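Down below is the structure, laid out as structure tokens.
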Protein chains: 2
Amino acid sequence: MAPDRNRRRIPDATVSRLPVYLRILGEQHDLGVDSISSDRLAELGGVNAAKVRKDLSYLGSYGTRGVGYEVAYLIFQIQRELGLTHDWPVVIVGAGNLGQALSGYGGFGARGFPVAGLVDVDASKVGTLVGGVRVRSIDELPQIVQSKRVSIGIVATPTASAQDAADRLVAAGVTSILNFAPTVLSVPPSIEVRKVDLAVELQILSYHEQRRIAGGAATTAARPRAVSAS
Amino acid sequence: MAPDRNRRRIPDATVSRLPVYLRILGEQHDLGVDSISSDRLAELGGVNAAKVRKDLSYLGSYGTRGVGYEVAYLIFQIQRELGLTHDWPVVIVGAGNLGQALSGYGGFGARGFPVAGLVDVDASKVGTLVGGVRVRSIDELPQIVQSKRVSIGIVATPTASAQDAADRLVAAGVTSILNFAPTVLSVPPSIEVRKVDLAVELQILSYHEQRRIAGGAATTAARPRAVSAS
DNA sequence: CGGGCTTTGTGAACGCGTGCACGAGTGCCT
DNA sequence: AGGCACTCGTGCACGCGTTCACAAAGCCCG
């Protein structure tokens, strides 16, 4: 067992690209491609070839000069590095629009993240079936987390309940959280939190659109919009 | 009128944080807070105070030394910079799980991104009502985009159809795309694309979980742990 | 078996973003 | 009016990530 494997710290930027490489490699593997060059991988991934090589070099020297990378082997190495050699069951808090969509989306299970549970505070929702998953009470959270060995929680509640959901997840023993609510969650520093905020994404696009238009003309003094939070 | 306002390029990292500040400022405004310091704003936003000040300084010198920032005025300035002084209607391609959830989520319209249309290739879905929005044929895309002045498109299709959806959006005249499909879209360079990939987010969390486990043994020699039987 | 072609792996330079530290400006209190 | 406490705005240094460029290494072919 090579001990340097764990010691090596992979830059965040690289970690966020490894899943992309992994998906592309999987597609190529399905197409019967055995070997792939960093150039081709870069083209398919929409990035720089040098970046691909540097990213992959953090995993080790798994390429063959003059040839490229063996697809199957590289897939295995990336999976191992990302910890995808086994499943990571997730629990979803919030059975609203988003929670239902996430439960119904089969892509999670297929990619190694089966939905171990879907919980909600609303008693009227408990027991209903959503995308093949039965909604359970949020009080069952600790039991679900422990019995199913869940370490990743997904917050899909309205903004107002997000912090409570996070607190309950942490109390139940979850150590990573994917947050869809537009709020900054306050959690212990040992907990890993990632945020997906659709409004932020749209507003970034809005910035570029506005910039595109405002290229030459002066900004029109528009009326300020209503400033409601939620 | 200051002409440098349009010329000034705001760093990407700052642009991605402005929406966060904006949301917090809106909340504070609703709470009756008139003035806020960079320190407080940083605390609520989970970032560094110096970063807040530097970010806001790109907009101009809108703060008052010794006091802080006037909440209402700062909201207006950020909105103006982000182009949020008017609505940006969006069109959603794909009426599956995700497309339906997005349409049903009222938060978009409330934040200035009303759903101008929801289209799908599947003729059997056309005409059905989803979250108050009627599903229309994808052939109507050009008409929707032009009549409603849509410049932002959302790709919520399965992976296989995502490129086609993007092509149609671009052909219809959309200039920004928010892509939920796990694929690299190939579009003309003038088109702004942002990607939201849930699987990637989960895999990043997986990496840290895996690292957490593997790290306990012989890895982090940096921090001395309690010396027990090795 | 050697030369040429291909592609990896990486040292080094560059650029961007972050965080510190401090000067400068503002309001309040005596 | 003067001093003091507070907070913004920003120059500067540092670190991370990106990109270039090239040596090292493997394959193929005559």
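Chain A is the first sequence line, chain B the second, and so forth, proteins listed ahead of strands; every chain is numbered from 1. A quick note: this is a predicted structure, and the numbers were derived from the prediction, not measured. Side-chain atoms are counted along with the backbone in the values below, which use heavy atoms only and exclude waters and symmetry mates.
For B:Tyr69, a side-chain nitrogen or oxygen approaches OP1 or OP2 of D:dG9 to under 4.0 Å. Checking the phosphate oxygens (OP1, OP2) of D:dT7, no side-chain nitrogen or oxygen of B:Tyr62 falls inside 4.0 Å. Side-chain nitrogen and oxygen atoms of B:Ser57 include none within less than 4.0 Å of the OP1 or OP2 phosphate oxygen of D:dG9.
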B:Leu44/A:Val184 under side chain to side chain contact (heavy atoms under 4.5 Å, CB included): CA gap, chis, key distance, verdict:
CA-CA 7 Å; B:Leu44 294 171; A:Val184 177; over 6 Å; no
Using side chain to side chain contact (heavy atoms under 4.5 Å, CB included), reason through B:Leu22 and A:Gln203 one step at a time and then give a plain yes or no.
CA-CA 10 Å; B:Leu22 184 57; A:Gln203 288 176 12; 4.2 Å; yes
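Ring geometry for B:His86 against B:Trp88 counts as tilted: the plane angle lies between 30° and 60°, on a 0 to 90° scale. Ring geometry, B:Phe76 versus B:Tyr73: the interplanar angle falls from 30° to 60°, so the pair is classed tilted.
Sorted by first and then second residue, the pairs that involve residues 160-174 of chain B and meet side chain to side chain donor-acceptor pair (under 3.5 Å), not counting sequence neighbours, are B:Gln163-B:Asp167, B:Asp164-B:Arg168.
Atoms CG (B:Leu56) and C1' (D:dT7) sit 13 Å apart, rounded to a whole Å.
Closest non-hydrogen pair, B:Ala172 versus B:Val145, comes out as O-CG1, 3.3 Å.
Distance alone, capped at 3.5 Å, is enough to place a donor-acceptor pair between the A:Ser206 side chain and the B:Leu82 backbone. Judged purely by atom type and a 3.5 angstrom limit, A:Arg23 uses its side chain to pair as donor or acceptor with the backbone of B:Pro182.
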Are there any protein N/O atoms within less than 3.5 Å of an N/O atom in nucleotides 17-20 of chain C, and if so, which ones and at what distance?
| residue | atom | partner | partner atom | Å |
| --- | --- | --- | --- | --- |
| C:dT18 | OP1 | B:Arg17 | NH1 | 2.9 |
| C:dT18 | OP2 | B:Arg17 | NH2 | 2.9 |
| C:dG19 | OP2 | B:Lys51 | NZ | 3.1 |
| C:dG19 | O6 | B:Lys54 | NZ | 2.7 |
| C:dC20 | OP2 | B:Asn48 | ND2 | 3.4 |

Atom pairs, protein N/O to nucleotides 27-30 of chain D N/O, distance under 3.5 Å:
none

